Amino acid sequence: MNQHGSHASNRGMTDHAGAAAPGVIQSWRTTLIPTAREAPAEAESPSHVLLLRAGFIRKLGAGIYDYLPLAWRVLSKICRIVRQEMDSAGAAELLLPVLLPTELYAGTRRDLDYGDLLFKVTDRKGAVAALGPTHEEPMTELVKAAVTSYKQLPLNLYQIQTKFRDEARPRSGLLRCREFLMKDAYTFHLAVEGPGGLNEAYDAMHRAYVNIFRRCRLDFTVVEAESGPIGGSASHEFMVNCASGEDTILKCPVSGYAANVEKCEIGERPRGTFAEPATGDLMEVHTPNLPGIEEVGKFMGVKPARMLKTIVFRSAADVMWVLAVVRGDQEVNEGKVKAATGFPVVLADEREARAAGFSIGYVSPRMIRTVPASMLLIDPDASLGGFWASGADKPDYHVKHFNWRRDVGDLLDDPRRVRVTDIRNAVAGDPSPRAAGISLETGRGIEVGHIFKLGTKYSDAMGFSVLDEKQHKRAVIMGCYGLGVSRTMAACVEMSHDANGIVWPAPIAPYHVVITMMKPEAPEHTAAVRTLAEALSDAGIDVLIDDRDERPGVKFKDADLIGIPIRLTVGDKALAEGSVEFKLRTDPGKGESVPLAEAARRCLAAL
RNA sequence: CGGGGCGUAGCGCAGCUUGGUAGCGCGUCUGGUUCGGGACCAGAAGGUCGGAGGUUCAAAUCCUCUCGCCCCGACCA
């Protein structure tokens, strides 16, 4: 198998180096393709509507779907590409149980972290098992027991399996469901750097993912990401670019830097000197029963961009309060707050914060003066001079004309207590962190892959270490690599469809060619179609023959709806001159006449 | 988990306010006429009105409880 999947896609049907495997020939009448003119009212997003209408999926319950033959063919093709790229990147496939005894989580306590997201089942003895949402624990358990020497590392193991998550709110069909098909891989190493190290495997997986999504012909962006609750040190997300995507991503159009909202850095911004004069005397305003910044601003006649939002965090370890101040129209980024303080923080518990004197909902930066164990993080935008409104540090009151120097005082000059630094989410228009004078742009994306450098989080928690060549005990270093197979299918539809239906890229289309028979009952047509289909199959092309006794219009509409890349129409007119009509799904009109003998070559060239 | 909405034929919906024979379109089946972009005519089949309880002579309709599903938000690989 060649290493360069993206090249193999040029011959979409080429399976192994050289010989093309014969394509399938199936007839519409003998497979199950229940197309519908209308979709159920509950479907809204394009992929959901089209996959339902085109007969790919059926709903069995909230977030639970049947995969009908067309869908299964697409999923199988995606899986084949995934396997080829994973295998050539040095990974080995296996299959772990779906049913995971909860004792497995004793070390990592992730059953608690997952909470209600974890599906649980109870067996006849009362023992509780989880339906696997991911497989860090069983995989680590397996490798821990089987690997007894550092000489057996590194390892790269993966599986393709149905995963379960009891989503609070399943939505958009296959894009967020409770049961989904996913590839997950895990790597195990003695070191981060060097041959056999985590970084080497991570880079190889990164390349494999790029190859996979390229071969699927998806339009995607690789973004830097926070590693999130799964833990670890570095992470990338693979996002299909699509206006209807759930996630916002930020890109620098010049440097190529891309990141998700949680992670995105912001370039140098102007900041205040704290010497700016006050705009007026501090003025209290009674603002009762106003739930948010928007409402308070409207009530006081102040734009959110001129208000200071002070969020109270607490260090996880000891009692140190961290006040994060951003502009009212911007959002505090918890990860950046952690990075700025240098220690883990959590959003303060409301009751505790109140007990410490904070009027939650009405906190101002002035609290740094009255709470000794506290520090103030100020976002550059919030540090500027000019008019500010802020909380008044007592319930139901805000103040106008807040001034940094006058109201906070000399503590501003103490770098141990007060720091001006980036602590908010990036938005479109912010300066790029990688190119001076360039603004970040935003786009929407659907996350189809996510890779993490886990480090020793799981091996520490589960006691997985080996002796190295110097007989030193070393915690095993891990990486994990997820790829949503069923979500990839849906994301592809989301990205690639038109008013008539789905438009599949050839490499993952359920069939490459649909032969639309005008007269399925006519023997000469049947004979011609048989010859044609066999020629296509010999060329490695998957063929669906629409042999239904339907009117032409119905067949054309259905062919467009299910999105087969090429349609060959066999009818009296073309057949009389020994031809078929050749039409790409993306072409308008009726297509062009191609001699029967040429058809296979023509199709192959177009895929 | 908060807010909103919906469950009536395979799908889309009306009927509910004001209780009284359960309807329409698409699809399906039969016959006929058609046949290159979701045909036409005639006929037919198909419904525990999500479920349970209650009120009533009588409940799809009113009341109570319950289950399921969708959307917005919170959350989220």
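This is a predicted model, so every value here is computed, not measured. Chain letters run A, B, ... following the sequence lines, proteins first and then strands; every chain starts at 1.
- Here A/Gly501 lies out of heavy-atom contact (under 4.0 Å) with every strand.
- A/Lys183 comes within contact range of no nucleotide atom at all, as no heavy-atom separation falls under 4.0 Å.
- For A/Ala41, the listed nucleotide lying nearest its side chain is B/C13; candidates were B/C13, B/C11, B/G37.
- Spacing between B/G68 and B/C62 at atom P, rounded to whole Å, works out to 23 Å.
- Using a 4.0 Å heavy-atom criterion, one finds that A/Gly482 contacts no nucleic acid atom at all.
- Using a 3.5 Å distance cut-off with no hydrogens or angles, the side chains of A/Asn425 and A/Lys336 do not pair a donor with an acceptor.
- Between B/G23 and B/C16, the two C1' atoms lie 14 Å apart (nearest whole Å).
- Here A/Tyr186 contributes atom OH and A/Leu454 contributes atom CG; the two are 9.0 Å apart, rounded to the nearest 0.5 Å.
- OP1 or OP2 of B/G27 lies within a sub-4.0 Å distance of a side-chain N or O belonging to A/Arg37.
- Contacts of A/Glu44 with the nucleic acid, taken as non-hydrogen atoms under 4.0 Å apart, involve only primed sugar atoms and P, OP1 or OP2.
- In this entry the distance linking CD1 of A/Ile57 with C1' of B/C11 reads 15 Å, nearest Å.
- The interatomic distance linking A/Asp166 (CG) with B/C75 (P) rounds to 18 Å, in whole Å.
- Here A/Ile477 contributes atom CD1 and A/His189 contributes atom NE2; the two are 8.0 Å apart, rounded to the nearest 0.5 Å.
- Nearest nucleotide to the side chain of A/Thr569, out of B/C69, B/G36, B/C71: B/G36.
- When the P atom is compared between B/U28 and B/G38, the two are found 15 Å apart, to the nearest whole Å.
- Among B/G38, B/G36, B/C76, the nucleotide with an atom closest to any side-chain atom of A/Glu167 is B/C76.
- Look at B/C76: it lacks any Watson-Crick or wobble partner with both distances under 3.5 angstrom.
- The distance between the ring centers of A/Phe56 and A/His48 does not fall below 6.0 angstrom.
- When heavy atoms are screened at a 4.0 angstrom cut-off, A/Ala39 is found touching the sugar-phosphate backbone but no base atom.
- In this structure, A/Asp546 atom CG and B/G38 atom C1' are separated by 13 Å, rounded to whole Å.
- When heavy atoms are screened at a 4.0 angstrom cut-off, A/Lys590 is found touching base atoms of the nucleic acid.
- Figure legend. B/G47 is base-paired to no nucleotide; pairs are counted as Watson-Crick or G-U wobble with both atom distances under 3.5 Å.
- In this structure, A/Asp560 reaches the bases: a heavy-atom distance under 4.0 Å links it to at least one base atom across the strands shown.
- Among the atoms of the strands shown, base atoms are found under 4.0 Å from some heavy atom of A/Leu175.
- Side-chain contact between A/Ile212 and A/Phe238 is absent, with no heavy atoms from C-beta onward closer than 4.5 Å.
- Atom P of B/G53 sits at a distance of 15 Å from the matching atom of B/A58, rounded to the whole Å.
- A/Arg58 comes within contact range of no nucleotide atom at all, as no heavy-atom separation falls under 4.0 Å.
- The closest side-chain heavy-atom distance from A/Glu179 to A/Tyr65 is not below 4.5 Å.
- Nucleotides B/G50 and B/U56 have their P atoms positioned 23 Å apart, rounded to a whole Å.
- Look at B/C62: its Watson-Crick or wobble partner, with both distances under 3.5 angstrom, is B/G54.
- At least one side-chain heavy atom of A/Lys453 sits under 4.5 Å from a side-chain heavy atom of A/Asn199.
- Among the heavy atoms of the strands lying under 4.0 Å from A/Asp558 is at least one base atom, whether or not backbone atoms are also near.
- In this structure, the nucleotide among B/C35, B/C11, B/G38 sitting nearest to the side chain of A/Arg53 is B/G38.
- Pairing of B/A39, defined by two Watson-Crick or G-U wobble distances under 3.5 Å, is identified with B/U33.
- Going from the P atom of B/G7 to that of B/A60 covers 16 Å, rounded to whole Å.
- Comparing B/G36, B/A74, B/G25 against the side chain of A/Ala168 picks out B/A74 as the nearest.
- Base contact: A/Glu38 has a heavy atom under 4.0 Å from a base atom.
- Using Watson-Crick or G-U wobble geometry with both donor-acceptor distances under 3.5 Å, B/G25 finds its partner in B/C11.
- Distances were taken from every side-chain heavy atom of A/Val554 (C-beta onward) to each of B/G36, B/A39, B/C69; the shortest belongs to B/A39.
- Of the candidate nucleotides B/U28, B/G38, B/C70, B/U28 has the atom lying nearest to any side-chain atom of A/Glu550.
- Distance from the side chain of A/Arg176 is smallest to B/C76 among B/G36, B/C69, B/C76.
- Ranked by how close their nearest RNA chain B nucleotide is to the 5' end, A/Asp572 and A/Arg178 are led by A/Asp572.
- Look at the C1' atom in both B/U64 and B/A59: the space between them is 15 Å, to the nearest Å.
- The base-pairing partner of B/C16, taking Watson-Crick or G-U wobble contacts with both distances under 3.5 Å, does not exist among the strands shown.
- Side-chain N or O atoms of A/Arg53 include one that pairs as donor or acceptor with a backbone N or O of A/Ala36 at under 3.5 Å.
- With hydrogens and angles ignored, no donor-acceptor pair closer than 3.5 Å exists between the side chain of A/Arg171 and the base of B/G73.
- The side chain of A/Lys59 approaches B/C70 more closely than any other nucleotide in the set B/C35, B/G36, B/C70.
- Comparing A/Leu561 and A/Phe180 against RNA chain B, the residue whose closest nucleotide sits nearer the 5' end is A/Leu561.
- Residue A/Glu237 is classed as having no contact, given no heavy-atom separation below 4.0 Å to the nucleic acid.
- Checking A/Asp546 against A/Thr516 by side-chain atom types alone, no donor-acceptor pair falls below 3.5 Å.
- Distance from the side chain of A/Glu42 is smallest to B/C70 among B/A39, B/G37, B/C70.
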